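Residue numbers count from 1 along this sequence. The structure displayed is predicted, hence computed values, not measured ones.
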Amino acid sequence: MNGVIIMKLNSIQTTAFELIQSDARFIYIIADIMNNSNNVNNNFLLMSQPYIGLFANGAEQWCKKLKLNAPVFNEAEQKYYIELRQAHKLFKKSYDDYSTLLIEKLTESDKYFYQIRSPFEKIFGYNNVGVDLCNGEFCGNTILCATYNPMPLLGDSNICSAIKSMSIIVGKIVAFFSSTNYQPIRYDNINNTLEYKDYHFYKKCPLKIKTNLGFVLFSILCSINYATVFVDKFFIDEIPQKFKFAYLQYYYLCDFIKELNEHNGTAFHINNSLKNREFRNCLAHYGLGQFLDEIDIDKSDVLKGLTNKAFNMDYYNTKKLLYNSLSDLCEQIKNMILI
């Protein structure tokens, strides 16, 4: 079926189709890991929610524009995935708005777990935040997961079935972009250590700065490391998502870090030489036609020639610069906040 579809598309549309297909493969494999891997037990699926939203909303809209016979959202699904895809823009919010949202979710979590304390926890203390680690690096937390999802995740016994109901359409879109001629994305759950730890922020936690600023910085660290540690190290193949997820964090952080510094008198810095709005739009919306010409397409390149067009660098050199910029910021944050 997909071979017929691609034959009807021009070369740029075909390139976009292949990038969407790559995202579909990634969504499929993380669902497969959740269902079938016995030694992976953390929040990586919930941490991926903004990117699932980007895929579902972007792919559905792209197919509509090209009048392809793909699955379409009903009214409830459309509302849910529009809201979900906005989660990748959290760092587009003002510092005040981002900090307020994060601390509101932290307060809700603390209140919830305080109310359900066991007799043991009433004596020895309770936990209010779950944290993911990959190879010892913080790469997710339950407060971020709560900010990502349009539905409240605490205290609702029907939440799992509600999210599952909303996820059916994603499976249908993934199936539409599926193909019999590609191999599943490989991952290494033997040599990568995935852990899950519970903490009480701020009484017993890994922060030496036990303030709202400390938690904001900790969450920035988790957001970056989800892409640059978990996705990059856990998945063996060099896939577009290793660049895409990291870049979408980077793009908004370039401005967000400046505002964070202004509010807190800090001096964090990030190399913003790769900040490019048109390039970001290609990654987020699959609309390549206004940016890429046929001559720019490189089928052998992981991102089909997009980095050469935007930065005059191949994928690997651009990724190296991107990751170095994010890793440098992470080191600055870790030196300030972690024990």
Side-chain angles (χ1 to χ4, degrees), residues 23-24 26-31 33-35 40-61 73-93 97-113 116 127-132 138-174 196 198-199 201 215-216 218-227 230-231 241 244-245 248-249 252 284:
D23 282 341
F26 184 81
I27 303 303
Y28 172 82
I29 200 65
I30 60 173
I33 294 169
M34 177 62 73
N35 291 329
V40 177
N41 182 26
N42 61 17
N43 292 301
F44 75 88
L45 187 59
L46 284 174
M47 284 293 295
S48 72
Q49 290 292 289
Y51 309 111
I52 294 175
L54 269 174
F55 161 76
N57 185 266
E60 196 253 9
Q61 292 295 311
F73 294 146
N74 61 33
E75 186 176 344
E77 291 163 347
Q78 184 175 38
K79 182 178 184 295
Y80 178 81
Y81 282 101
I82 286 175
E83 291 181 20
L84 187 61
R85 80 176 301 279
Q86 294 304 311
H88 91 280
K89 294 183 178 181
L90 281 181
F91 294 124
K92 189 180 180 181
K93 290 180 178 292
D97 287 346
Y98 177 81
S99 178
T100 298
L101 174 62
L102 208 61
I103 302 309
E104 281 178 355
K105 295 297 183 182
L106 176 58
T107 302
E108 288 175 11
S109 181
D110 182 65
K111 181 178 179 180
Y112 174 79
F113 286 106
I116 63 168
N127 298 312
N128 56 14
V129 179
V131 173
D132 297 332
F138 298 107
C139 60
N141 70 64
T142 52
I143 307 306
L144 276 175
C145 295
T147 64
Y148 291 158
N149 204 291
M151 299 180 183
L153 299 181
L154 292 175
D156 186 348
S157 59
N158 298 317
I159 186 63
C160 289
S161 60
I163 292 176
K164 183 178 180 180
S165 175
M166 284 295 170
S167 300
I168 292 173
I169 184 64
V170 178
K172 291 179 179 179
I173 296 173
V174 167
Y196 180 86
D198 288 320
Y199 293 104
F201 284 78
F215 192 76
V216 168
F218 178 73
S219 294
I220 293 173
L221 183 68
C222 289
S223 299
I224 295 172
N225 283 344
Y226 176 81
F230 171 68
V231 175
Q241 294 72 31
K244 177 177 179 175
F245 296 175
L248 292 174
Q249 296 288 336
Y252 293 111

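- With P50 as reference, H88 is the one residue of H88, K89, R85, Q249 to meet the side-chain contact (heavy atoms from CB on, under 4.5 Å) rule.
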Evaluate side-chain contact (heavy atoms from CB on, under 4.5 Å) for E77 paired with E60, printing each intermediate quantity in order.
CA-CA 11 Å; E77 291 163 347; E60 196 253 9; over 6 Å; no
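- Two rings, from Y81 and F55, have their centers 6.0 Å or more apart.
- The side-chain heavy atoms of L144 and N141, taken from C-beta on, include a pair separated by under 4.5 Å.
- Applying the ring pair (Phe, Tyr, Trp, His ring centres under 6.0 Å) rule to F138 yields the partners F218; only residues at least two apart in sequence or on another chain are considered.
- The side-chain heavy atoms of I52 and I30, taken from C-beta on, include a pair separated by under 4.5 Å.
- Taking 4.5 Å as the limit, some side-chain heavy atom of Y98 sits within range of a side-chain heavy atom of L90.
- Here the shortest heavy-atom pairing between A56 and I173 reads O-CD1, 3.9 Å.
- The side-chain heavy atoms of F73 and N57, taken from C-beta on, include a pair separated by under 4.5 Å.
- Atom CD1 of I168 sits about 13.0 Å away from atom CD1 of I163, to the nearest 0.5 Å.
- Taking F230 as the reference, F44, Y226, F234, F235 meet the ring pair (Phe, Tyr, Trp, His ring centres under 6.0 Å) condition, with sequence neighbours excluded.
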Go through the steps to decide whether F91 and S223 satisfy the test side-chain contact (heavy atoms from CB on, under 4.5 Å), and finish with yes or no.
CA-CA 10 Å; F91 294 124; S223 299; 4.0 Å; yes
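- Taking 4.5 Å as the limit, every side-chain heavy atom of Y51 sits out of range of all side-chain heavy atoms of Y148.
- The structure places CG of N43 at 10.5 Å from CD of Q49, a figure rounded to the nearest 0.5 Å.
- Tested against D110, the residues N128, I143, N127 include a single side-chain contact (heavy atoms from CB on, under 4.5 Å) partner, N128.
- Note that NZ of K105 is 8.5 Å distant from CG of L154, once rounded to the nearest 0.5 Å.
- Side-chain contact between L248 and L54 is present, with at least one heavy-atom pair separated by less than 4.5 Å.
- Between D198 and V131 there is no side-chain heavy-atom pair separated by less than 4.5 Å.
- A 6.0 Å sphere centred on OH of Y28 holds no more than 12 heavy atoms belonging to other residues, nucleotides or ligands.
- For the atom pair SG (C160) and CG (L153), the distance works out to 9.0 Å, reported to the nearest 0.5 Å.
- The CE atom of M34 lies 8.0 Å from the OG atom of S48; values are rounded to the nearest 0.5 Å.
- Residues T107 and Y112 form no side-chain contact, since every pair of their non-hydrogen atoms from C-beta on lies 4.5 Å or further apart.
- By the salt bridge (Lys or Arg N to Asp or Glu O under 4.0 Å) test, K79 is found to be paired with E83, residues two or more places apart in sequence or in another chain being considered.
- The CG atom of N35 sits 9.0 Å away from the CG atom of L45 when rounded to the nearest 0.5 Å.
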